[in-house]
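In what follows, a single structure is set out as structure tokens and then discussed.
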There are 2 protein chains.
Amino acid sequence: MALGKDYDYAAQECSIARALEIVGERWTLLVVRDALYGVRRYNDFLVHLKIPRAVLAARLQSLTEAGVLEKRRYQESPPRDEYVPTELGRALWPALRALGLWGRAFNPDARPMRTFHHAECGTELGSYGECPQCGRTVDPADVEMRPGPGLGPAEDAVSRALRAPRRLLEPLELQPR
Amino acid sequence: MALGKDYDYAAQECSIARALEIVGERWTLLVVRDALYGVRRYNDFLVHLKIPRAVLAARLQSLTEAGVLEKRRYQESPPRDEYVPTELGRALWPALRALGLWGRAFNPDARPMRTFHHAECGTELGSYGECPQCGRTVDPADVEMRPGPGLGPAEDAVSRALRAPRRLLEPLELQPR
DNA sequence: TTCATGGGTTCAGTGAATGAACCCGATCTG
DNA sequence: CAGATCGGGTTCATTCACTGAACCCATGAA
């Protein structure tokens, strides 16, 4: 959200404002969304989001510093890191779910892009990420994402990989390791 | 979120991105939050948010154009308008609630600024705005907001008025009409 | 040797946010 | 009646962040 260097809406005595200090900047929530979808690598974020490289580097760094993502080395030579949602990052799922539902409500004629189901029973999630069948909150790791009828043709490898039904948080496997 | 004039994350086939096109800019969600809290007038937003006047005018206009707020004349001479959340605006409540909870989770040592209760039974709302007692989603109009222990001294008249327990959406009455 | 890949940093240009100043019509105060 | 005040803005220069392109570097492959 393009906060200035003086975060003066920290002055707002409101936890919504606190949240926006961390995830309110442009691109930030989309990076977190992708991370929950299973994207972990710099280059995958890059091609999927079509985000400027400098901005991606800045967002990954600030999200890591905030404890929303964890930077983790997965090979030594050459050194390569991946970014994985922490507990705090996974806790953003309900907010993202609610925002996504609102976005769908915004243009009600559009067909849903993706649907989210409780993996254990297949029921589509309710308004806030809960399972109406089981009546309880569903951890993102137990959410299955399925492509919806509103999706157009996939442009890049990441979009293509995100077309298969898959669990949230499950890492993308584009290249054989 | 400081979108450029070319909204290229419209290209993102995702309703989260669609939502962020509308409410992703800096200040926008805070304006909607205040509107749900009952703030309706230009000047009240101004003193409560400490937002630059030009930005406020821009946000109120774009939110009105998007159908999130409705601009409504409440007196003719001099002409005065107020901004009231529409159905679409009220539908943002779950997302704001989820964000606020996350913001509170972010610094767990802090005392809550405000708590939100189902007005009919007094139960504090669950993680997503539902009432755990009644087991159903609570419309924002049925939510009672109460000041929490984390609130500091009120700086301005709006903050002071928002200190009393009150229903969401109930218009602020600062000046006698 | 040369190229390709992953993961960045640097840089100039642009567009948005900021805060102060100004404007205007209408009402209140003396 | 004059002057101040208020609600609701607009204008403007400055600052700041976003953008996209170019560059860098280490490693591994052809």
Side-chain angles (χ1 to χ4, degrees), chain A residues 1-9 11 20-21 24-31 39-64 69 71-83 156-158 171-177, chain B residues 1-9 11 20-21 24-31 39-64 69 71-83 156-158 171-177:
Chain A
M1 198 166 276
L3 294 173
K5 50 179 55 166
D6 48 346
Y7 282 42
D8 57 353
Y9 58 48
L20 291 174
E21 285 168 35
E25 283 174 311
R26 181 132 139 88
W27 294 112
T28 307
L29 275 178
L30 293 180
V31 170
V39 177
R40 295 187 162 194
R41 300 188 183 178
Y42 186 91
N43 217 48
D44 292 345
F45 286 107
L46 208 60
V47 305
H48 189 228
L49 293 174
K50 297 182 195 65
I51 180 179
R53 308 174 77 92
V55 178
L56 177 60
R59 293 297 179 274
L60 289 174
Q61 188 183 342
S62 68
L63 283 172
T64 302
L69 300 181
K71 184 175 187 168
R72 150 188 320 173
R73 177 139 311 178
Y74 67 89
Q75 83 180 21
E76 285 299 337
S77 148
R80 292 287 179 262
D81 300 306
E82 59 186 4
Y83 298 87
D156 55 276
V158 179
L172 274 189
E173 298 287 356
L174 294 180
Q175 50 286 87
R177 304 205 189 191
Chain B
M1 198 165 276
L3 294 172
K5 49 178 55 167
D6 48 345
Y7 282 42
D8 56 353
Y9 59 47
L20 291 174
E21 285 168 36
E25 283 175 309
R26 181 134 138 86
W27 294 110
T28 307
L29 275 178
L30 293 180
V31 170
V39 177
R40 296 188 161 193
R41 301 187 182 179
Y42 186 90
N43 217 46
D44 292 345
F45 285 109
L46 207 60
V47 305
H48 189 228
L49 292 174
K50 298 182 195 68
I51 180 178
R53 307 174 79 90
V55 179
L56 177 60
R59 293 296 179 274
L60 289 175
Q61 188 184 341
S62 67
L63 283 172
T64 302
L69 300 180
K71 183 175 188 169
R72 144 186 329 170
R73 176 137 311 176
Y74 66 90
Q75 83 180 23
E76 284 299 336
S77 148
R80 291 287 178 265
D81 299 306
E82 59 185 5
Y83 297 87
D156 56 276
V158 179
L172 273 190
E173 298 286 356
L174 293 181
Q175 49 288 89
R177 303 207 191 190

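All values derive from a computational prediction rather than experimental measurement.
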Is any side-chain N or O of Arg41(B) under 3.5 Å from a base N or O of dG8(D), one able to act as donor and the other as acceptor? no
For a quick check, tell me whether the side chain of Arg53(A) and the base of dG20(D) share a donor-acceptor pair closer than 3.5 Å. no
If you check the [X] side chain, which of [options] turns out closest?
X	options	value
Lys71(B)	dC18(D), dG9(D), dG20(D)	dG9(D)
Pro78(A)	dT10(C), dG28(D), dG19(C)	dG28(D)
Tyr42(A)	dT9(C), dG9(D), dA26(C)	dT9(C)
Arg80(A)	dT5(C), dG8(C), dT18(C)	dT5(C)

Tell me what Phe45(B) touches on the nucleic acid: a base, only sugar-phosphate, or nothing, going by heavy atoms under 4.0 Å. nothing
Taking any heavy-atom pair under 4.0 Å as a contact, classify Ala58(A): base, sugar-phosphate, or nothing. nothing
Below 4.0 Å: OP1/OP2 of [N] and any side-chain N or O of [X]:
X	N	answer
Tyr74(A)	dG6(C)	no
Asn43(A)	dG7(C)	no
Trp27(A)	dA17(D)	no
Tyr83(B)	dG7(D)	no

Inter-residue atom distance His48(A).NE2 - Leu30(A).CG, 0.5 Å rounding: 9.5 Å
Rounded to the nearest 0.5 angstrom, the CG-CZ distance for Leu172(A) and Arg40(A) is 9.0 Å
Walking DNA chain C from its 5' end, the first of Pro79(B) and Leu60(A) to be reached, judged by nearest nucleotide, is Leu60(A)
